[in-house]
Protein chains: 2
Amino acid sequence: MAKAIADRAEVVPQLAEVFRAHGYEGATLALITEATGLGKGSLYNFFPGGKEQMAQEVLASIDLWFTDHIYAPLRSAADPAAGIAAMFAAVDSYFRSGQRVCLVGVVALGAARDLFADAVKTYFTGWIDALAHSLRRLGHDKAAARHMAEQAVLAIQGALVLTRALDDTRVFTRALATVRAQVLAKP
Amino acid sequence: MAKAIADRAEVVPQLAEVFRAHGYEGATLALITEATGLGKGSLYNFFPGGKEQMAQEVLASIDLWFTDHIYAPLRSAADPAAGIAAMFAAVDSYFRSGQRVCLVGVVALGAARDLFADAVKTYFTGWIDALAHSLRRLGHDKAAARHMAEQAVLAIQGALVLTRALDDTRVFTRALATVRAQVLAKP
DNA sequence: ATCACCTTGTACCAATCGGTACAAGCCGTC
DNA sequence: GACGGCTTGTACCGATTGGTACAAGGTGAT
């Protein structure tokens with residue numbers, strides 16, 4: 001019938017928003033159709049694997065974004081403290097001060113965790129590893145750096161939960177500032 | 001047909017486990033029937049309001065448990081530090097070292113948040129208030145106590161997310177120990 | 001023993017789920 | 001301008017969703 005070459009590149013972020021808002025099982029094809037403007041025909045043409053493939057590609061694109069905008073800068077920053085500061089700025093902007101939710105965290109808590117276990121683990125270990133790397137350069141020993149990185153990532157996830165629970169973005173802002181200060185404190 | 005007086009008191013915890021494992025929307029009546037051993041007839045006899053009422057009562061029972069076992073002891077403990085230590089022990093046991101997930105957190109992240117917004121807010125504000133109360137008694141000023149309590153609760157939630165994401169309960173144990181030390185440090 | 005009431009299993013309901021089939025149409029290529 | 005290959009809308013599929021109706025059966029009070 002038509003040809004609108006709806007590019008994957010613009011569909012995947014729309015899919016991401018649907019999964020974020022409704023979770024994996026809650027993201028029905030009806031919602032996906034509505035959010036993307038694509039009928040089932042197009043959807044299954046682009047993603048023959050159905051919902052599962054859509055979610056996999058969304059998770060892959062998220063991982064790519066974090067790699068490009070957070071993990072890599074964390075590793076290549078001339079000044080590790082500056083790299084960490086940039087990370088917190090990127091996180092605040094990515095999660096819209098807590099209004100946006102972390103899809104990977106949502107998946108991890110849900111029943112679909114097993115389906116996407118690899119992607120979930122890759123995301124979090126990638127983040128913790130990159131941050132721990134910066135912390136070592138900052139002068140922390142290996143064990144302390146890993147532990148501190150883990151604690152920081154976990155606090156960000158918790159901040160997203162609590163922010164949504166209390167429906168107050170100031171929670172997120174406060175939490176981010178606190179973790180930032182802890183992480184950037186002199187070893 | 002039968003009479004088995006399946007008491008509410010034993011059904012609600014079973015419901016809680018189903019909601020925890022599958023989320024609100026993911027907890028289908030088929031799963032609920034299987035987990036409780038109760039047919040639809042009994043289920044809708046006990047909970048005329050359907051799934052929503054089941055979830056509300058589960059959330060209420062969770063709030064009651066936390067009030068009895070955590071918030072109240074936190075307030076009435078002769079030694080505030082002992083009360084806080086007891087809280088961490090209770091949390092570790094309740095969440096089975098991170099193998100169990102926080103239903104309230106799961107709901108807060110999901111699409112059903114608006115349906116249960118009141119219960120979710122009550123749970124978290126209750127927790128933060130009680131902990132902040134203990135921290136004041138420990139010598140922190142009002143603002144610092146609130147801030148520290150918020151940070152502790154949020155770290156516990158984040159620890160649950162990360163523990164499930166990495167499928168490693170040691171994450172939870174480490175995180176809990178860290179937060180405990182931060183919170184119990186001399187003001 | 002009777003009776004009213006509570007509990008329960010089963011059949012059933014419309015709506016929606018994820019997914020498939022396929023014809024109709026648009027496109028670039030020759 | 002005809003062709004072949006993508007892209008798309010629509011109709012359709014069986015399975016499952018949350019929920020209702022109700023008859024059958026069990027229980028306790030009398």
Side-chain angles (χ1 to χ4, degrees), chain A residues 1-59 103 106-107 110-116 119, chain B residues 1-59 103 106-107 110-116 119:
Chain A
M1 265 190 110
K3 173 156 279 185
I5 49 161
D7 206 356
R8 260 186 145 70
E10 59 183 88
V11 175
V12 171
Q14 295 173 320
L15 289 176
E17 230 50 52
V18 181
F19 283 122
R20 247 188 276 271
H22 301 92
Y24 178 66
E25 11 256 344
T28 69
L29 287 186
L31 287 169
I32 293 175
T33 291
E34 187 188 358
T36 60
L38 262 48
K40 290 188 188 182
S42 311
L43 249 16
Y44 276 83
N45 183 39
F46 282 127
F47 308 96
K51 261 179 77 172
E52 182 176 341
Q53 186 184 349
M54 299 182 207
Q56 290 285 13
E57 296 204 15
V58 165
L59 289 174
L103 176 57
V106 171
V107 169
R113 177 186 67 150
D114 298 354
L115 257 179
F116 307 107
Chain B
M1 262 192 115
K3 172 156 277 186
I5 51 160
D7 207 356
R8 257 184 147 72
E10 59 183 87
V11 175
V12 170
Q14 295 174 321
L15 289 176
E17 231 48 54
V18 181
F19 283 122
R20 248 188 277 271
H22 301 92
Y24 177 66
E25 11 256 344
T28 68
L29 287 186
L31 288 169
I32 293 174
T33 290
E34 187 188 357
T36 58
L38 261 47
K40 290 189 189 184
S42 311
L43 250 16
Y44 276 83
N45 182 39
F46 282 127
F47 308 95
K51 261 179 75 172
E52 184 177 339
Q53 185 184 350
M54 299 182 206
Q56 291 285 13
E57 295 204 15
V58 166
L59 289 174
L103 176 58
V106 172
V107 168
R113 177 187 65 150
D114 298 354
L115 256 179
F116 306 107

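Per chain, numbering begins at 1; letters A, B, ... match sequence-line order.
Considering only side-chain atoms of A/L29, the nucleotide from C/dT7, C/dG18, C/dT10 that sits closest is C/dG18. For B/K40, taking side-chain heavy atoms from C-beta onward, the closest of the listed nucleotides C/dG19, D/dT20, C/dT8 is D/dT20.
Put simply, B/N45 has no side-chain N or O that comes within less than 4.0 Å of OP1 or OP2 on C/dT8. For the OP1/OP2 pair of C/dC17 and a distance below 4.0 Å, the side-chain nitrogens and oxygens of A/T28 include at least one atom meeting the criterion.
In this structure, the CD atom of B/Q53 is 11 Å from the P atom of D/dG19, given to the nearest Å. In this structure, B/Y44 places its OH atom 9 Å from C1' of D/dT20, rounding to the nearest Å. As rounded to whole Å, 16 Å separates atom C1' of D/dT17 from atom CD of B/E52. Rounded to whole Å, atom P of D/dG18 lies 12 Å from atom CD of A/E25. Spacing between atom CG of A/L115 and atom C1' of C/dG18 amounts to 14 Å, rounded to whole angstrom units. For the pair A/L43 CG and D/dT8 C1', the computed distance is 11 Å after rounding to whole Å. Following rounding to the nearest Å, B/F19 (CZ) and D/dG18 (P) show an atom-to-atom distance of 9 Å. Between the CE atom of A/M54 and the P atom of C/dC17 there is a distance of 13 Å, rounded to whole Å.
Rounded to the nearest 0.5 Å, atoms CD (B/Q53) and CD (B/Q56) are 9.0 Å apart. Between atom CD of residue A/E57 and atom CG of residue A/L59 there is a gap of 10.5 Å, rounded to the nearest 0.5 Å.
Across the interface with DNA chain D, nearest-nucleotide mapping of B/G41 and B/K51 shows B/K51 to be the residue nearer the 5′ end. Summary of the strand contacts: B/G37 and A/L31 both lie near DNA chain C, and taking for each the nucleotide with the nearest heavy atom, the more 5' one is attributed to B/G37.
In this structure, A/Y24 contributes its side chain and A/E52 its backbone to a donor-acceptor pair below 3.5 Å.
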Which donor-acceptor pairs under 3.5 Å do the side chains of residues 36-48 of chain A make with protein atoms, sequence neighbours left out?
residue: A/T36; atom: OG1; partner: A/I32; partner atom: O; Å: 2.7
residue: A/T36; atom: OG1; partner: A/L38; partner atom: N; Å: 3.2

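By the 6.0 Å contact criterion, CD on A/E34 is open, its count of non-hydrogen atoms from other residues, nucleotides or ligands being 12 or less.
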